[in-house]
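Structure, as structure tokens:
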Amino acid sequence: MAEFDGTGRNVSVIGVGTWSLEGSRSDNIRSIRYAIDHGINFIDTAEMYGTEDIVGEAIKGYDREDLFIATKVWPTHFSYHDVIRSCEESLKKLKTDYIDLYQLHWPNPSISIKETMSAMEHLVDEGMIRYIGISNFSVKETEEAMKAMAKYRIVSNQLEYNVATREIEDDGVYDLCKKNGMAIIAYSPLSHGKIFDNEVILDKLKAIGRKYNRSPAQVALNWIISKGAFPIPKASSIDHMAENVASADFTLSDEDMRSLDSIYRDHPIRSIARRYKNR
């Protein structure tokens with residue numbers, strides 16, 4: 001557990017991602033419940049994912065106050081009234097009275113960020129959400145979003161980040177978030193499996209993993225945790241979820257961190273998000 005930067009809330013250092021889940025609905029629900037039963041309280045979804053109802057069913061019966069549920073509003077819904085309507089729909093699908101972290105999924109320059117943030121702050125006032133986050137926001141976009149706040153602060157930025165995709169360090173987003181007490185939520189923490197397709201990267205992860213009796217995936221996820229970010233890998237089976245859960249219970253040495261740091265220099269994997277954004 002670690003404090004989710006600036007909120008006072010204790011959140012598991014690794015979360016559950018729910019984008020593009022595979023397997024059956026029942027398998028996904030069992031996997032999420034396995035994670036909760038084994039100490040994971042941070043679950044991330046989005047209206048665009050189509051998995052909010054799965055999360056809602058999975059968390060049924062648990063103490064809601066023990067959980068940290070995050071979801072996102074799609075950028076075409078960034079007008080004041082659309083933000084509120086989207087939140088109401090998400091609450092229904094999640095079968096909960098409030099959302100812990102409500103995030104803007106992507107920037108939308110066609111709608112005033114001040115209008116959007118006014119709606120987000122209204123949702124906090126109404127008790128429908130507790131914290132406001134952003135996702136895929138650049139330095140400039142993050143700074144504009146911060147300036148648009150009238151009452152509350154932005155507590156997080158969800159970004160693509162893994163051992164081979166570290167553009168957020170190069171362009172200053174990582175440092176900006178850290179400077180302003182924003183948690184970094186790392187999606188695509190295994191680069192959709194691309195880090196395992198590179199033989200050199202895989203060999204390095206395996207070699208380090210042998211020292212700790214851990215898998216390459218566990219080493220890659222632990223590297224993100226060690227960088228002070230919250231990885232949110234997905235898992236559609238209990239075996240896969242168990243592997244993810246165990247990624248947080250060991251500590252990489254400084255030497256191994258330096259070795260893993262060199263992957264980005266020697267074998268960088270370009271951000272999928274940047275390619276999408278550039279289109």
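These numbers were taken from a predicted model, which means no experiment stands behind them.
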Just so I know, are the side chains of [X] and [Y] near enough to count as touching, which here means a heavy-atom distance under 4.5 Å?
X      : Y      : answer
Asp97  : Leu91  : no
Leu104 : Met120 : yes
Met1   : Asn41  : yes
Ser237 : Asp27  : no

Pairing donors with acceptors under 3.5 angstrom, does anything connect the side chains of [X] and [Y]?
X      : Y      : answer
Ser110 : Asn108 : yes
His105 : Gln158 : no
Lys227 : Tyr174 : no
Ser156 : Gln103 : no
Thr165 : Glu160 : no

Exercise. Looking at the rings of Phe4 and Phe68, which for Trp means the six-membered one, are their centres under 6.0 Å apart?
Worked result: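 Ring centroids of Phe4 and Phe68 are less than 6.0 Å from each other.
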
Please check: side-chain N/O of [X] versus main-chain N/O of [Y], any donor-acceptor pairing under 3.5 Å?
X      : Y      : answer
Asn157 : Ile185 : no
Arg153 : Gly181 : yes
Ser138 : Glu141 : yes
Glu115 : Tyr80  : yes
Asp100 : Ile69  : yes
Ser118 : Lys114 : no
Arg85  : Glu88  : no
Arg214 : Val219 : no
Lys234 : Ser20  : yes
Glu3   : Val11  : no

Problem set entry | Passing option when Thr51 is tested against Thr71, Thr18, Asn28, Asp44 for side-chain hydrogen bond (donor to acceptor under 3.5 Å, both in side chains) |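 Single side-chain hydrogen bond (donor to acceptor under 3.5 Å, both in side chains) partner of Thr51 among Thr71, Thr18, Asn28, Asp44: Thr18.
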
For this session: Any ring pair (Phe, Tyr, Trp, His ring centres under 6.0 Å) involving residues 176-200? Give me the pairs, sequence neighbours left out, ordered by first then second residue.
Result: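 Counting only pairs at least two positions apart or across chains, the ring pair (Phe, Tyr, Trp, His ring centres under 6.0 Å) contacts touching residues 176-200 are Trp19-His192.
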
Exercise. Do the numbers put Arg64 on top of the ring of Tyr98, so that NZ or CZ is under 6.0 Å from the six-membered ring centre and no more than 45° off the axis?
Worked result: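 Judged by the rule (NZ or CZ under 6.0 Å from the ring centre, within 45° of its axis), Arg64 counts as positioned above Tyr98.
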
Exercise. Just checking, Arg166 and Tyr161: is the charged tip under 6.0 Å from the six-membered ring centre and within 45° of the axis?
Worked result: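 Output no; distance or angle outside limits.
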
Acceptor/donor pairs from residues 203-211 side chains to any protein atom, 3.5 angstrom cut, sequence neighbours excluded:
unit_1, atom_1, unit_2, atom_2, d
Lys204, NZ, Ser259, O, 3.1
Lys204, NZ, Ser262, OG, 2.9
Lys211, NZ, Asp256, OD1, 2.8

Problem set entry | Member of Leu176, Thr142, Ile154 meeting the side-chain contact (heavy atoms from CB on, under 4.5 Å) criterion with Phe137 |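 Considering Leu176, Thr142, Ile154, a side-chain contact (heavy atoms from CB on, under 4.5 Å) with Phe137 is found only for Thr142.
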
